[in-house]
Enquirer: 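This is the structure, below, for whatever I ask next.
Here, residue 1 is the first one in the sequence, and each next residue gets the next number. Note that ligands are numbered from 1 as they come in the structure, with each ligand's atoms numbered from 1 the same way.
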Amino acid sequence: MKRRHFVKRTALGSLAGLLGAEIVFGANMPENYDLLGLQDPDPFKLFGKDKEMKVLNSNPWNMEALAHQLDDRVTPNPYIFVRNNGKVPENINEKEWTLTFDGESVKEEKTFTLEELKTKFKQYTYQLTLECGGNGRREFDPPAKGNQWDIGAVFCANWTGVRLGDVLDAVGIKSDAVYIGYHGIDQHLSGDPTKASISRGVPMAKAYQDETLLAFQMNGKDIPLVHGFPLRLVCGGWPASASGKWVNRISVRNKVHDGEKMMGTAYRVPCNPVAPGEKVKDEDMCIIESMPVKSLITYPKTGAQLAEGKKLTIRGHAWAGELEVTKVYYSIDFGVTWSECNLEKPVNRLAWQHFNASIDFPKKGYYEVWARAVDANGDSQPMLVPGWNPKGYLNNACHRIAVKIV
Ligand SMILES: Nc1nc2c(c(=O)[nH]1)N[C@H]1C(S)=C(S)[C@@H](COP(=O)(O)O)O[C@H]1N2
Ligand SMILES: [Mo]
């Protein structure tokens with residue numbers, strides 16, 4: 001991933017600006033020298049991520065997991081995908097952190113310190129699945145612009161915090177409230193302080209769900225900086241873009257929140273299906289709410305080899321936005337026949353569910369194992385990429401792995 005900048009000695013003057021200091025012995029530098037100070041920082045070290053994570057972009061930082069890295073029941077930090085729209089904040093002082101409630105539909109503006117949030121409200125811990133709306137984007141044809149996520153922009157962690165609903169009650173909300181919008185402190189990529197990198201939100205009904213948290217812990221520890229330290233809004237089951245990182249302000253709105261990336265085509269899909277490549281007017285695009293049913297085979301890793309006559313136990317997770325997953329099936333014959341997997345109940349609403357199956361292969365050779373989940377409404381994952389849309393959201397096609405019996 002490291003980008004190398006071979007430096008020409010003649011460029012010394014402009015380099016001082018990039019490095020923030022004069023290169024004192026610059027005249028001694030060999031021609032076309034690879035200056036350490038100009039190399040990208042190591043994102044794995046920077047964010048505590050596993051070296052196998054796939055970096056999609058360094059400005060802003062975006063990285064995703066491979067399927068087998070998501071094998072844990074609760075995703076540990078090294079495998080949690082990173083999605084930033086702006087710059088990751090630095091030098092956060094947790095002791096001085098405050099959260100302000102404003103907007104047309106608060107009775108009065110109110111500010112809490114982080115300490116007040118932690119001590120004045122009851123704390124809850126839930127496992128919540130967060131998936132980027134654009135997960136799976138790379139499969140759309142014609143292609144959609146944006147991070148070319150494969151399957152790894154999803155995770156399920158333990159989140160500890162207070163219920164947003166409890167805090168909204170303490171603030172006092174007018175009866176005309178329809179939406180909340182979050183504001184985080186991350187700067188826009190341009191560095192322009194008047195621009196927000198992202199400011200999205202959810203309708204009041206979602207804001208008031210038991211599992212919608214203002215969280216200060218992830219997996220039992222302070223939230224890692226890149227995932228929103230010291231305070232994050234967590235709205236499980238909805239596109240992860242609704243879960244604002246580094247939140248310091250929540251606006252209670254008397255209309256659908258119109259913050260950055262709420263309008264136009266951002267995190268929206270055509271209200272009615274369109275043909276691949278079709279132009280869609282902004283007013284015909286609808287906000288994504290609950291994410292569709294999906295599953296991942298996390299063991300074995302694709303490409304696994306197994307001796308003839310042995311059973312293979314596959315396992316993975318399935319999730320369905322606001323809904324529960326009721327069945328997961330697997331197929332080893334390209335979808336001609338399907339067998340049911342064992343499926344566990346979720347630990348709590350909006351947590352992903354675990355499945356496994358013990359598979360017999362009829363003879364030596366190459367196989368693909370497909371998994372297909374079905375939600376409580378009876379909706380199934382499609383085998384192929386579903387509903388093309390201009391921004392490449394909501395690809396919940398079946399996941400598959402290759403297996404060789406030798
Ligand atoms: N403040 C802030 N919150 C944010 C974002 C961001 O750029 N800034 N990105 C959103 C998007 S698009 C996603 S998919 C998730 C990613 O969360 P993660 O980096 O913890 O995986 O955070 C959401 N919350
Ligand atoms: Mo996202």
Enquirer: Judging by distance only, is a nitrogen or oxygen of Phe81 under 3.5 angstrom from one on ligand 1?
Expert: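 There is such a contact, yes.
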Enquirer: In terms of ring plane angle, is the pair Trp149 and Phe81 parallel, tilted or perpendicular, where the classes change at 30° and 60°?
Expert: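 Rings of Trp149 and Phe81: perpendicular, over 60°.
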Enquirer: Examine the side chains of Asp176 and Ser105 and answer whether a donor and an acceptor come within less than 3.5 Å of each other.
Expert: yes
Enquirer: Run the numbers for me: atoms of ligand 1, each under 4.0 Å from some heavy atom of Asn84, listed by number.
Expert: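 Within the 4.0 Å cut-off of Asn84, ligand 1 contributes 7 (O).
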Enquirer: Quick one: which ligand 1 atoms are inside 4.0 Å of a heavy atom on Val82?
Expert: 19 (O)
Enquirer: Does Arg268 come within less than 4.0 Å of Asp282, counting only side-chain N to carboxylate O?
Expert: no
Enquirer: Does the pair Glu115/Lys95 count as a salt bridge with the N-to-O cut at 4.0 Å?
Expert: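 Salt bridge flag = no for Lys95 with Glu115.
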Enquirer: Please confirm whether Ser243 approaches ligand 1 to less than 4.0 Å, judged on its heavy atoms.
Expert: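 The answer is yes: ligand 1 sits under 4.0 Å from a heavy atom of Ser243.
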Enquirer: May I ask you to say whether Lys174 pairs ionically with Glu104, meaning some side-chain N is under 4.0 Å from a carboxylate O?
Expert: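 Answer for the salt bridge query: no.
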Enquirer: Using a strict cut-off of 4.0 Å, indicate which atoms of ligand 1 neighbour a heavy atom of Gly244.
Expert: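 This gives 3 (N), 24 (N) as the contact atoms.
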Enquirer: So is Lys120 actually on top of Phe112's ring, under 6.0 Å and inside 45° of the axis?
Expert: no
Enquirer: Identify the closest protein heavy atom to atom 23 (C) of ligand 1: which residue and atom is it, and at what distance?
Expert: Ala240 O, 3.3 Å
Enquirer: Check this for me, if you would: do Arg249 and Asp102 make a salt bridge, where the nitrogen-to-carboxylate-oxygen distance has to be below 4.0 angstrom?
Expert: yes
Enquirer: If you measure from the Lys or Arg side-chain nitrogens to the Asp or Glu carboxylate oxygens, is any gap between Lys195 and Glu260 under 4.0 Å?
Expert: no
Enquirer: Could you tell me whether some N/O pair between Arg83 and ligand 1 is separated by less than 3.5 angstrom?
Expert: yes
Enquirer: Tell me the contacting part of Tyr267 for ligand 1: side chain, backbone, both, or neither, using a 4.0 Å heavy-atom threshold, strictly below.
Expert: side chain
Enquirer: Would you please indicate yes or no on a ring centroid separation below 6.0 angstrom for His183 and His257?
Expert: yes
Enquirer: Does any N or O of ligand 1 fall below 3.5 Å from an N or O anywhere on Lys245, backbone included?
Expert: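 Looking only at distances, the answer is yes, because the N/O contact criterion of under 3.5 Å is met.
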Enquirer: List the closest protein heavy-atom neighbour of atom 6 (C) of ligand 1: residue, atom name, distance to the nearest 0.1 Å.
Expert: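 Result: Ile198 CG2, 3.3 Å.
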Enquirer: Are Glu344 and Arg73 within salt-bridge range, i.e. N to O under 4.0 Å?
Expert: yes
Enquirer: Applying a heavy-atom cut-off of 4.0 Å, say which part of Asp186 lies close to ligand 1: side chain, backbone, both or neither.
Expert: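 Side chain only.
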Enquirer: Would you mind listing which atoms of ligand 1 come within a distance below 4.0 Å of any non-hydrogen atom of Asn85?
Expert: 5 (C), 6 (C), 7 (O), 9 (N), 10 (C), 12 (S)
Enquirer: Out of all atoms in ligand 1, which are within 4.0 Å of some heavy atom of Cys132? Include the element for each.
Expert: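 Answer, ordered by atom number: 14 (S).
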Enquirer: Nearest non-hydrogen atom to atom 17 (O) of ligand 1 belongs to which of Arg232, Lys87, Glu260?
Expert: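 Answer by nearest heavy atom: Arg232.
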Enquirer: Would you say Ser241 has any N or O atom under 3.5 Å from an N or O of ligand 1, going by distance alone?
Expert: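 No, Ser241 has no N/O under 3.5 Å of an N/O on ligand 1.
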